[in-house]
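What follows is a set of notes on a single structure, which appears directly below.
Positions are given from 1 along the sequence. Reckoned from all heavy atoms, side chains included, excluding hydrogens, waters and symmetry mates. Numbering of ligands and ligand atoms starts at 1, following listing order.
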Amino acid sequence: MNPRIVPAFDGIPGTVYLVGAGPGAVDLITLRGLRILRAAHAVCYDSLVSPELLAEARPEAELFHVGKRGYCVGSTQQSHINELLVSLAKSGKVVCRLKGGDPFVFGRGGEEAEVLVNAGVPFEVVPGVTAALAAAAAARIPLTHRAAGQSVAFVTGHHDPDSPECTLDWHALGQMTAIVFYMAVRHIGKIAAKLCDNGLSLDTPAAVVEAATTPRERVIIAPVRDMATAIVAHGVEGPAVFVVGEPVAYRDRLMSLAVKATARANE
Ligand code: SAH
């Protein structure tokens with residue numbers, strides 16, 4: 001890296017760096033994130049973090065795979081991660097906690113930061129490109145567009161909309177210009193129905209973007225009413241985001257001259 005832009009950085013011993021790895025493509029980590037990853041004595045990483053990125057760690061760095069595919073980390077496992085971060089930092093290491101996307105967007109980064117505060121461990125948060133932004137960019141969906149509306153929401157679709165755990169304000173969501181649901185593959189049918197019961201037109205354009213910025217990237221487009229059927233037909237497995245709203249309609253025009261994720265990954 002050009003030393004003028006990216007001066008040498010060793011990290012501060014005894015510090016945890018909560019680093020966003022970005023959505024998948026290795027070159028979507030920030031320069032600061034990469035510098036910390038290269039400096040770390042210990043790297044604790046999630047499942048969605050690319051193996052190529054881990055190759056950037058020092059050869060002697062300790063690598064800990066923590067976290068599960070789908071981010072359904074149970075409380076026991078999360079407490080294990082918390083203890084690991086604290087004990088590594090207290091032993092004087094530079095610790096890189098590498099999390100998919102952005103550490104503070106649906107990734108338990110806030111909980112981990114609280115644990116570090118309670119344990120008296122200094123930490124820094126390094127933002128990352130969150131899946132919603134990467135998926136929208138890859139699919140050429142301008143999440144805000146002056147002609148389409150004035151709001152965008154990032155929402156978790158993890159809970160069944162009919163379960164008591166789901167506390168979303170469906171009326172408010174029904175009025176949004178664009179909504180990006182994370183962790184929603186299992187509940188897309190019910191989510192679409194709730195939105196349409198709360199003011200959204202059944203014909204509203206929608207997209208599911210799977211494995212954005214990786215060679216597996218796929219974009220499925222359908223009116224919101226048909227998306228549940230469409231993702232079954234395409235065998236969508238995730239990770240994927242569900243984008244709903246008028247901005248999806250801009251994709252058609254913006255797709256000419258598109259460069260594919262696979263082409264970019266092969267560079
Ligand atoms: N902190 C992460 C989100 C973790 S929750 C971030 O900021 O992106 C995990 C969810 O993120 C997945 O269920 C999926 O909805 C979404 N996701 C992560 N990587 C993705 C990718 N490459 N393409 C599409 N969705 C992705």
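Judged purely by atom type and a 3.5 angstrom limit, His41 has no side-chain atom pairing as donor or acceptor with the backbone of Lys93. Using modelled atom types, one side-chain atom of Glu210 and one backbone atom of Gly238 make a donor-acceptor pair closer than 3.5 Å. A donor-acceptor pair is defined here as one N or O able to donate and one able to accept, closer than 3.5 Å; no such pair exists between the side chain of His145 and the backbone of Tyr250. Not a single donor-acceptor pair under 3.5 Å links the side chain of Thr130 to the backbone N or O of Gly101.
Using a cutoff of 4.0 Å between basic side-chain nitrogens and carboxylate oxygens, Arg186 and Asp160 are not scored as salt-bridged. A salt bridge links Arg97 to Asp46: one of the charged nitrogens lies within less than 4.0 Å of a carboxylate oxygen.
Inclusion of Val105 in the set of residues having an N or O under 3.5 Å from an N or O of ligand 1 is warranted. For ligand 1, the polar-atom distance check against Gly100 finds a nitrogen or oxygen pair separated by under 3.5 Å. Between Val129 and ligand 1, no pair of N/O atoms sits closer than 3.5 Å. Any N or O atom pair closer than 3.5 Å counts here, and Asp102 shares at least one such pair with ligand 1.
In this structure, Ala240 is part of the shell of residues with a heavy atom less than 4.0 angstrom from ligand 1. Assignment of Pro23 to the shell around ligand 1 is supported, since a heavy atom sits closer than 4.0 Å. Residue contacts with ligand 1 include Val241, since one of its heavy atoms falls under 4.0 Å from the ligand. Judged by the shortest distance from any of its heavy atoms, Thr214 lies outside the 4.0 Å radius around the atoms of ligand 1.
Contact atoms of ligand 1 toward Thr130: 6 (C), 7 (O), 8 (O) (distance under 4.0 Å to a heavy atom of the residue). Using a 4.0 Å cut-off to heavy atoms of Val209, the atoms of ligand 1 that qualify are 24 (C).
The side-chain tip of Arg32 points at the ring of Phe9 from less than 6.0 angstrom away and within 45° of straight on.
Distances from atom 26 (C) of ligand 1 to the heavy atoms of Ser47, Ala211, Ala131, Ala21 put Ala131 nearest.
Of the residues listed (Val43, Val19, Thr15), the one engaging Ile36 in a side-chain contact (heavy atoms from CB on, under 4.5 Å) is Val19, and it is the only one.
Counting heavy atoms under 4.0 Å from ligand 1, residue Ala132 does not touch it at all. Residue Ala212 touches ligand 1 through backbone and side chain together, judged by heavy-atom distances below 4.0 Å.
When only modelled atom types and interatomic distance are considered, Glu114 and Asn118 share no side-chain donor-acceptor pair under 3.5 Å.
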